[in-house]
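Counting starts at 1 for both ligands and their atoms, following the listed order.
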Amino acid sequence: MLVEDERVVAFDLKNQLQSLGYRVGAMVGSGEQAVECVADVAPDLVLMDIHLEGVMDGVEAATTIQSQHQIPVIYLTAFAEDDTLRRALDSRPFGYLVKPWDIRELHASIQMALARREVEVAVEKSELRLKLAMDAASLGVFEWQPQDDRMHGDGHLTAMFGDRQMPLDDSWEHSFLARVHASDRERVVSGLSDALSGPEAVRIEFRTARNNGGPHFLEANVKVHQGANAERRVVGVLQDVTQRHQTEDRLRQSSVVFHTAAEALVIVNAEYRISAVNAAFTRITGYSEVDALGFDTDVLLRVRRDGAGGRDVFAALEASPEGYWQGEVFCHRRNGERFPAWQSLSVVRNAGGSVSNYVIAFSDVSEMHVAEEKLHHLAHHDPLTGLPNRLLFDDRIEQAIEQAHRLQQHFLLLFLDLDSFKVVNDTLGHIMGDELLRVVAGRLRNVLRGTDTIARLGGDEFVVLAGGASPDYAADLARKILHVLGAPVSLGNESVTVSGSIGIAVYPDNGSDRHELMRAADIAMYSAKAAGRNRYQFYSQGMAERSNERLSMEQGLRRAIEEEQLLVYYQPQVDLADGRIFGVEALVRWNHPELGMIPPVRFIPIAEESGVIDSLGRWVLERACRDILGLSESLGQQLGLAVNVSAREFTREDFVVTVRDTLARTGFPPACLELEITESTLQVIEQSVEILGALKAIGISISIDDFGTGYSSLSVLRDLPIDRIKIDRSFVQYLPEKPDGIAIVEAIVAIATSMHMEIIVEGIERPEQAAILFRLGCGAGQGYLFSRPVPHAALVHLLTQG
Ligand SMILES: Nc1nc2c(ncn2[C@@H]2O[C@H](COP(=O)(O)O[C@H]3[C@@H](O)[C@H](n4cnc5c(=O)[nH]c(N)nc54)O[C@@H]3COP(=O)(O)O)[C@@H](O)[C@H]2O)c(=O)[nH]1
């Protein structure tokens, strides 16, 4: 393109150029036209006159063309004064020819300008390529000239350092080091000094001071370049390696987790061959990594994967979307020991989606199994005796019913309840009570067959499930049980004898399901208790009826006190020497609204078992104290009062306090009160001594009821503060016909005399009995001979009217 305002000169020049082989694409006469049409023409070169018509001169037009289109310009001018030259130079022209020029000179200038432009274009392209590459790799670059401490930077430095303004053009310290994390600056300075001291490139890794909240990790590859004038330039390429760092961190963490995990971890390849194991694997299996590498885990550990498809689990895993399986397997250690393991299998896929590895994790769950078994045992066994508990027994009885039903067979259910266990427990304490239960459990175990099931349902209740149905076998078994129970048990320093009551039910005769059977055996057991304890009873329909009656009686008894259905009868006690009434025994009666007068033998045992005896006993004592005190006052002579106390009342914690309070409340003199306690109540000495001592301290007398029917040892009696012995009716009943009775009475009298105890005899019905007993040394007695137990009014009448 030619820019010349003198047309003649322009045409001449055009001709010259064409003669040299150039094509003139455009010829314009002003700077404005040149700037306007240069984009359309896109010339390789512009020949520009400096002095042009119009506002814009050649230098201005050339500057614009250069900056906007990077097209080389050669000035053609008639002027070469300094000012014009300086302006022209500032526009970085490709040539400057002063008119008149030689045609060869013009040709040479044009050729050199085109050649220089070609080089420039190549450099620009190369720079662009470099810039694009840096963009693609998100690289930054800096150049530092140590001699003038200038630093230039380019590329992705802004993103790396998190600065708003980043192209660096400042001192090294200010523009670069200030952006390095304070802790890493020393390392960067040292790295740079290494780079300066040698020809090798130096890699320096550091953190930025800040970048979006947290530092970024940068890697700089720095190298020193020596310039032609011996000036050194340090060039560094920077790369953001934060993500790589995070990945490396995660890998390091994973590695620590892998090696320190408590679970055995195994990495296998797609062919199931082990490529890595951790320390836990070695600890659990006994195989080191060297032992295991290359082996198939399932083969090495002889894995048995029941129910999970064995080896096929890997194939299934590969096909499943979750790529995960877990379950229990059995493995073998190096020493051959088999152990259960909880195993997880996971698939690892490569970028292409195919399986590259499997990760196998497992832990030894042997201890968990042992704990589970213990828990299972605890849940199904009585911790005290080790016998099956109710839960396990329920299961066994269900199984027995199912089997017996299928095979049309019978089986036996025996329900055993210890007699007087509560007395032992309350008086000797729970530790001794527990020991007694353990002993009983051991004895029961010994007497039963291995195929029988014995369980403790709680308290002193045991059940036995035994095969067979013959009544003889059942009776034989029950007798054996009662026999082994009867042997004395040593509890600490004491020797205690217990008995049991057994109820027997037969499947399917007495019940077709567990509940019916248990109820039948339970009723039969209660029937055995009611019949005198230490015996067994087969279930019968009549028992069920009696049991229902017992239940309704128990409920009725609770109301009886409030509804004033209870009465106290009194039986006089007389001096056998002269027949004088010196006292009375209080005997409770129940005037049932529907059943009429119920004797105590029918309801006292129920009151004892149900606990109603506590309130009943309190009521009788208070009523009797009031009645007899009132009567004594009207007679002008204090009568003695004997009140029965059952074992349960006697061992109650507040018993002594209750008695003392009653005496205080009623004003009855303690010295005239006698409490009658049966022999069995005194069985457990330690606590009895304490309670009896407390009662004696109040001034109350104690007599032993039904003496001779229990098992009091004489040495026991000697240590107790007993005032009187009451000889049981059974020894008097057949007097004088049966001489045995006389011998027993003689013996009891001898014992009582030696122990300074008084004697009273019950059940005297005939005068000759009274005479014999008096002759044998019995000072007092009571019985139908003198008076039946009578209501209070009748007693008043008897004593006042004679
Ligand atoms: N804990 C409590 N027990 C009590 C209370 N009241 C009574 N009882 C106990 O009931 C048992 C039975 O008493 P009961 O039916 O009243 O019989 C007494 C007399 O009626 C009877 N007896 C008296 N003399 C004769 C006789 O000549 N022949 C004959 N067949 N029976 C006679 O004996 C019973 C008195 O017994 P005991 O107490 O051993 O002196 C009774 O044994 C009490 O244990 C109570 O309030 N609390």
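Residue contacts with ligand 1 for P789 involve side-chain atoms from C-beta outward but no N, CA, C or O (heavy atoms, distance under 4.0 Å). Residue contacts with ligand 1, taken as heavy atom pairs separated by less than 4.0 Å, involve V620 solely via side-chain atoms from C-beta onward. Contacts between V568 and ligand 1 below 4.0 angstrom, taking non-hydrogen atoms only, are absent altogether. Of the heavy atoms in E676, only side-chain atoms (C-beta onward) come closer than 4.0 Å to ligand 1. Proximity of D705 to ligand 1, defined as any heavy-atom pair under 4.0 Å, is confined to the side chain (atoms from C-beta onward).
In the candidate list R602, R648, Q571, Q571 is nearest to atom 24 (N) of ligand 1, counting heavy atoms. Of the listed options Y784, F650, W619, F603, Y784 places a heavy atom closest to atom 31 (N) of ligand 1. Taking each of L587, V588, L785 in turn, the one with a heavy atom nearest to atom 46 (O) of ligand 1 proves to be V588. Among R623, Q733, E585, R589, the residue whose heavy atom lies closest to atom 16 (O) of ligand 1 is R589.
With rounding to the nearest 0.5 Å, the separation of CG in L675 from CG in D723 is 10.0 Å.
Ion pairing of R766 with E737 is present here, as a side-chain N (NZ or NE/NH1/NH2) and a carboxylate O approach within less than 4.0 Å.
Between V732 and I772 the shortest side-chain heavy-atom distance does not fall below 4.5 Å.
When only non-hydrogen protein atoms are considered, atom 30 (N) of ligand 1 lies nearest to E765 OE2, 3.4 Å.
Using a 30° and 60° split on the angle between ring planes, Y507 and F411 fall in the parallel class, below 30°.
Judged by the 6.0 Å distance and 45° axis criteria, R390 is not positioned over the aromatic ring of F393.
Atom CD1 of I431 has 12 or fewer neighbouring heavy atoms from other residues, nucleotides or ligands inside a 6.0 Å radius.
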